[in-house]
Structure formats: C-alpha cells, structure tokens
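One structure is given here, and the rest of the page talks about it.
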Amino acid sequence: MTTPVSEPASGRQPRRRTARTAPSRPPTRRDSRRPADAALRAAAHRARERRPPFWFAHRLLLVLSGQCPVHTLLAYARGPAYDRLTALAPLAPLRPRGADRAAPAVLEARGTQPRDGVIEAFARISTGAHQRAMAFRLEWCPDGRWRCTAVELDVSR
C-alpha cells in the first residue's frame with residue numbers, strides 16, 4: 001500500500017533553492033536612442049543597392065554570368081548596349097570558372113556625372129577567386145528612368 005504524498009493547499013510545488021552566481025562582468029547597456037550597429041549596416045546596404053551604378057552593375061552581372069536572360073534588361077538598355085549584351089550573354093563571361101564555384105558578386109560600383117543626366121560608372125566583380133572589371137554608361141531618359149547606353153568588360157575571353 002502506498003502512502004499519498006501531501007501537496008500544498010495552493011496546488012503548487014514547493015520552490016527549490018539554487019545557488020546564484022555573480023555575473024562575470026556587468027551587463028553592457030546600449031543607448032536606446034541610437035540604432036544598433038547591425039541595423040545601421042543593413043540600412044547602408046539597402047541605400048547602396050538603390051543607387052543607379054550598383055543597381056545596374058548587379059543586373060548586368062546577373063545577365064553576364066548566365067543567371068538571368070538578356071531580355072530582362074530590354075527596358076533598361078538602349079541600342080548598341082543591348083546589342084553588346086546579346087553578343088556577350090551566351091558566352092557568360094562573368095561565370096566563375098574552375099573549382100571555385102562561388103556566386104559572382106558586385107564588390108563595388110561607383111559612377112561620376114560628367115554632365116546632368118549622364119553617369120559613367122564602373123564595377124568590381126568577384127567571380128570565384130578572381131576579380132573582374134566592368135564599365136558602363138547610364139543616361140537619364142525622358143520616360144523618367146536610367147538606361148544603359150554602353151557596356152565594356154575588362155577582357156573578352
């Protein structure tokens with residue numbers, strides 16, 4: 001025969017005491033009025049992606065590495081630039097070669113404005129273990145968007 005265990009009248013288990021240890025270092029406080037470093041980096045990354053040189057460099061990289069078809073840039077490239085892209089795209093000159101198959105990425109994209117409505121830009125592209133260069137020209141069109149009017153790569157393979 002077993003003896004019933006008596007429970008407290010409230011129905012709760014008795015509280016066990018554990019030894020408390022002092023923290024090894026005092027907790028650091030962050031100023032709540034200042035955004036966290038990760039939030040600042042993410043905001044800077046989003047701002048960089050919205051700038052026309054970076055946006056176009058990324059789109060050109062997708063086409064020239066074979067990740068997207070060339071017609072995705074049909075609305076954003078004009079005349080000779082689109083013809084050059086249609087000639088380069090089947091060759092996929094920015095596709096990584098060799099054992100390192102890491103996805104290509106835009107490391108840096110900057111531009112200068114020689115006059116209003118024109119941006120002459122360059123981009124550094126990482127393709128596996130190598131870095132490549134790309135230059136392009138953007139012009140502001142009457143329909144209210146930037147269009148690529150020239151594209152050049154560092155070397156043709």
Leu94 to Thr127 - nearest heavy-atom pair and separation: O-CG2, 3.2 Å
Considering all heavy atoms, the nearest Ala150-Ala81 contact: N-CB, 3.5 Å
Closest non-hydrogen contact found for Cys148 with Phe136 is SG-CB, 4.1 Å
Quick one, Arg51 with Phe56, criterion side chain to side chain contact (heavy atoms under 4.5 Å, CB included). Give me CA distance, side-chain angles, the key distance, then yes/no. CA-CA 9 Å; Arg51 282 183 263 155; Phe56 272 93; over 6 Å; no
Could you pull out the closest heavy-atom pair between Ser65 and Pro104, with the gap in Å? CB-CG, 3.7 Å
Does atom CZ of Arg59 have more than 12 heavy-atom neighbours from other groups under 6.0 Å away? yes
Co-membership, hydrophobic cluster, residues Trp55 and Leu60, 4.5 Å side-chain: yes
Around atom CZ of Arg145, are there more than 12 heavy atoms from other residues, nucleotides or ligands closer than 6.0 Å? yes
Kindly work out whether a path of hydrophobic side-chain contacts (I/L/V/M/F/W/Y, heavy atoms less than 4.5 Å apart) joins Leu85 to Leu74. yes
If we ignore hydrogens and angles and just use 3.5 Å, is the side chain of Arg132 paired with the main-chain N or O of Pro93 as donor and acceptor? yes
Are Arg137 and Glu120 ion-paired here, with the side-chain N under 4.0 Å from a carboxylate O? yes
Donor-acceptor contact below 3.5 Å, side chain Arg147 vs main chain Ala75: yes
